[in-house]
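Below: one structure, written as structure tokens.
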Amino acid sequence: MAIGEQITELQHALPVGVTLVAVSKTHPEEAIMEAYRAGQRIFGENRPQELKVKYESLPKDIRWHMIGHLQTNKVKYIAPFVELIHSVDSDRLLEIIDREAAKNNRVIDVLFEVHVAQEETKHGWDRNELMNYVIAGECAKYTHVRFRGIMGIASLTDDQAQIRSEFTQLKTIFEQLRHYLGNSFDTLSMGMTSDYPMAIECGSTMVRIGSKIFGERNYMNK
Ligand SMILES: *Cc1c(COP(=O)(O)O)cnc(C)c1O
């Protein structure tokens with residue numbers, strides 16, 4: 001199916017209250033423009049420099065999300081324009097985002113990435129570590145970031161019960177943190193091509209979908 005048709009179909013299929021992030025990493029600008037012409041405005045990328053290049057040449061009403069692991073020395077590339085950073089995995093990174101946002105006279109929306117998958121390779125806070133951090137008020141000192149919710153990635157497995165259990169854990173952690181961080185903490189980013197229907201069943205408010213829209217990624221070209 002063509003990119004534009006995939007967008008139209010997904011936009012109709014997603015329940016009200018679930019936002020689609022079209023994950024365009026590695027794909028060329030022309031592919032993004034096809035999705036754009038079908039009405040898509042939110043795009044997710046995982047490399048700061050690639051994000052900056054695409055931001056500079058594509059329409060300015062595109063809302064860019066950073067979804068991949070972010071190194072502190074790369075924050076400066078995206079701080080002037082990024083709409084939401086899904087992948088905040090440390091206090092140190094928050095400190096830098098806060099500083100770069102201040103330099104740009106902005107308040108940047110962020111999600112805490114929470115680690116629930118079995119794979120050790122995935123980034124993110126562990127549940128207890130994050131709860132303690134938030135309850136201790138450690139994050140209240142940052143005036144140029146706004147805490148909007150959490151992001152999580154389920155294990156790469158065919159075991160549906162395992163995936164469901166991980167999404168349910170994310171939903172629980174989200175609700176617990178919301179109690180401390182208030183009503184603007186409203187975003188639960190979970191679900192990708194292989195598991196987004198289940199993520200939605202478990203309470204996702206934002207799905208990040210790449211290959212279903214744009215086809216397979218070819219990392220050899222990068
Ligand atoms: C690449 C990526 C996605 C999209 O994955 P697909 O399986 O292609 O839908 C979603 N979230 C993150 C964090 C990613 O890195």
Side-chain angles (χ1 to χ4, degrees), residues 1-11 13-14 18-28 31-32 34-35 38 40 42-51 54 62-71 74-75 78 82-90 93 97 109-125 148-160 162-163 166-167 169-171 173-174 187-222:
M1 205 187 289
I3 293 171
E5 288 173 60
Q6 286 288 5
I7 292 292
T8 307
E9 192 176 282
L10 271 167
Q11 291 290 16
L14 296 180
V18 178
T19 301
L20 172 62
V21 178
V23 176
S24 50
K25 63 189 186 200
T26 78
H27 294 291
I32 297 176
E34 270 185 67
Q40 183 65 25
I42 304 179
F43 292 88
E45 291 277 338
N46 67 345
R47 291 181 185 172
Q49 284 107 323
E50 183 177 345
L51 185 46
K54 286 173 171 173
I62 289 182
R63 297 153 58 192
W64 293 103
H65 287 197
M66 176 66 198
I67 62 167
H69 179 62
L70 181 56
Q71 288 170 285
K74 306 266 172 77
V75 174
I78 60 172
V82 69
E83 177 176 79
L84 178 65
I85 299 175
H86 291 231
S87 43
V88 170
D89 57 3
S90 69
L93 179 58
I97 295 171
D109 282 355
V110 300
L111 306 179
F112 291 110
E113 179 171 355
V114 180
H115 183 278
V116 288
Q118 290 163 317
E119 295 98 336
E120 283 301 324
T121 50
K122 301 232 158 68
H123 294 280
W125 301 74
R148 294 301 304 271
I150 68 172
M151 183 272 265
I153 304 173
S155 296
L156 190 61
T157 171
D158 291 329
D159 182 349
Q160 299 301 303
Q162 176 68 27
I163 297 172
E166 291 171 1
F167 284 149
Q169 282 176 57
L170 288 169
K171 168 76 172 168
I173 298 165
F174 171 64
T187 303
L188 177 53
S189 167
M190 59 184 195
M192 330 194 338
T193 294
S194 61
D195 55 19
Y196 75 90
M198 183 165 328
I200 291 170
E201 272 178 47
C202 297
S204 172
T205 71
M206 188 172 275
V207 291
R208 310 175 307 271
I209 301 183
S211 28
K212 183 178 167 64
I213 298 169
F214 296 105
E216 294 301 311
R217 285 179 288 274
N218 185 355
Y219 288 99
M220 306 273 283
N221 289 338
K222 279 278 129 189

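Positions are given from 1, in the same order as the sequence printed here. Order of appearance sets the numbers: ligands from 1, and atoms from 1 within every ligand.
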Non-hydrogen atom of Asn46 closer than 4.0 Å to ligand 1: no
Atom indices of ligand 1, in the order listed, that fall short of 4.0 Å to a heavy atom of Gly210: 4 (C), 6 (P), 8 (O), 9 (O)
Check whether any N or O atom of Ile209, backbone or side chain, sits under 3.5 Å from an N or O atom of ligand 1, and answer yes or no. no
If you apply the rule side chain to side chain contact (heavy atoms under 4.5 Å, CB included), what do you find for Gln169 with Val114, and how did you get there? CA-CA 10 Å; Gln169 282 176 57; Val114 180; over 6 Å; no
So, taking the atom named CD1 in Ile153 and the one named CZ in Arg208, what distance separates them when rounded to the nearest 0.5 Å? 5.5 Å
Is it true that His86 lies under 4.0 Å from ligand 1, counting heavy atoms only? no
Using the rule side-chain contact (heavy atoms from CB on, under 4.5 Å), only one of Val88, Val75, Val82 pairs with Leu70; which is it? Val75
Testing the 3.5 Å rule here: is there a donor-acceptor pair between the side chains of His86 and Glu113? no
What distance do Met192 atom CE and Ile209 atom CD1 have between them, rounded to the nearest 0.5 Å? 10.0 Å
Arg208: numbered ligand 1 atoms lying under 4.0 Å from its heavy atoms: 4 (C), 9 (O), 10 (C), 11 (N), 12 (C), 13 (C)
As a quick check of understanding, evaluate side chain to side chain contact (heavy atoms under 4.5 Å, CB included) for Phe43 and Ile32, giving each step before the final call. CA-CA 8 Å; Phe43 292 88; Ile32 297 176; 3.7 Å; yes
N/O to N/O below 3.5 Å, does that happen between Lys25 and ligand 1? yes
Between ligand 1 and Lys212, can you find any atom pair, the residue atom being a heavy atom, that is separated by under 4.0 Å? no
